[in-house]
Amino acid sequence: MAVGLPAKEMKKILRDEKLKKIKNEVLKCRKCSLYKTRTYPVIGEGSHQAKIMFIGEGPGFNEDKTGRPFCGAAGKILDELLESAGIKREEIYICNILKCRPPNNRNPKKEEIESCTLYLERQIEIIKPKIICTLGNYSTVFIFEKFGLKDKIQGISKIHGKIFKSSNLFGSFDIIPFYHPAVVAYNQNMKEILKKDFQILKKVAN
Ligand code: URA
């Protein structure tokens, strides 16, 4: 540990170390059976000082092969949405509810979410984002339940693009639910709805 550094530098080093510890734990994780079928776990990527954290569902085919979140088709859409809002990918942090790919991209199981989100909770606690953007129903439900907004849970079509405030043991932050970018693959019209919602994020972030 580097002694005598300014407090801000010290905090950064500690944060990096804690995130590295999570990475090492996930690499060895056997908490659920998904480790048996995955290639690489997808732990998270981006700035450890990020003000904005995006939380998706789980790795898909490309993410599983590379260990990087949102690097496939849904990632291309996410990149386009970020660009439309003037947000650089390297200044945010992106991770998922599940670190390992469910076979054939099936939906996450309750017990997988329960065991895997212990890592996500620690990532949130360490990075301390000011804005949490949930992508799709699974991450929205998890984050709303976790941060005292259970009574506000509705389908993503009702709450997308709205700002929800949460003050909790982890601190205070805004939560903005979005449709999962993959919806655009099934319905091109959704891109405009997502772009509008990203303009709301742009306003809040500024
Ligand atoms: N979909 C997700 O929810 N997460 C990814 O990392 C990729 C696709």
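Atoms within each ligand, like the ligands themselves, are counted from 1 in listed order. No experiment lies behind these values; they were computed from the predicted model shown.
Using a non-hydrogen distance threshold of 4.0 Å, Val42 does not register as a contact of ligand 1. Ligand 1 has no atom lying under 4.0 Å from any heavy atom of Arg68.
Taking the six-membered ring where the residue is Trp, the centroids of Phe70 and His180 are separated by under 6.0 Å. Taking the six-membered ring for Trp and the full ring otherwise, His160 and Tyr179 have centroids separated by under 6.0 Å. Here Phe164 and Phe147 keep their ring centres 6.0 angstrom or further from each other.
Taking distance alone, with nitrogen or oxygen atoms compared against 3.5 Å, Glu57 approaches ligand 1 more closely than that limit. By the 3.5 Å distance cut-off applied to N or O atoms, Phe70 is counted among the residues near ligand 1.
Using a cutoff of 4.0 Å between basic side-chain nitrogens and carboxylate oxygens, Glu45 and Arg89 are scored as salt-bridged.
Distances from atom 5 (C) of ligand 1 to the heavy atoms of Gly75, Ala74, Gly58 show the closest one on Gly58.
Of the protein's non-hydrogen atoms, His180 NE2, 3.3 Å is the one closest to atom 1 (N) of ligand 1.
Here is the list of ligand 1 atoms found below 4.0 Å of a heavy atom in Asn96: 2 (C), 3 (O), 4 (N), 5 (C), 6 (O). Residue Gly56 has at least one heavy-atom neighbour below 4.0 Å for each of these atoms of ligand 1: 3 (O).
Ile55 contributes atom CD1, which lies 4.5 Å from atom CG of Leu120 (distance to the nearest 0.5 angstrom).
With 3.5 Å as the limit, one finds a donor-acceptor pair spanning the side chains of Thr140 and Thr134.
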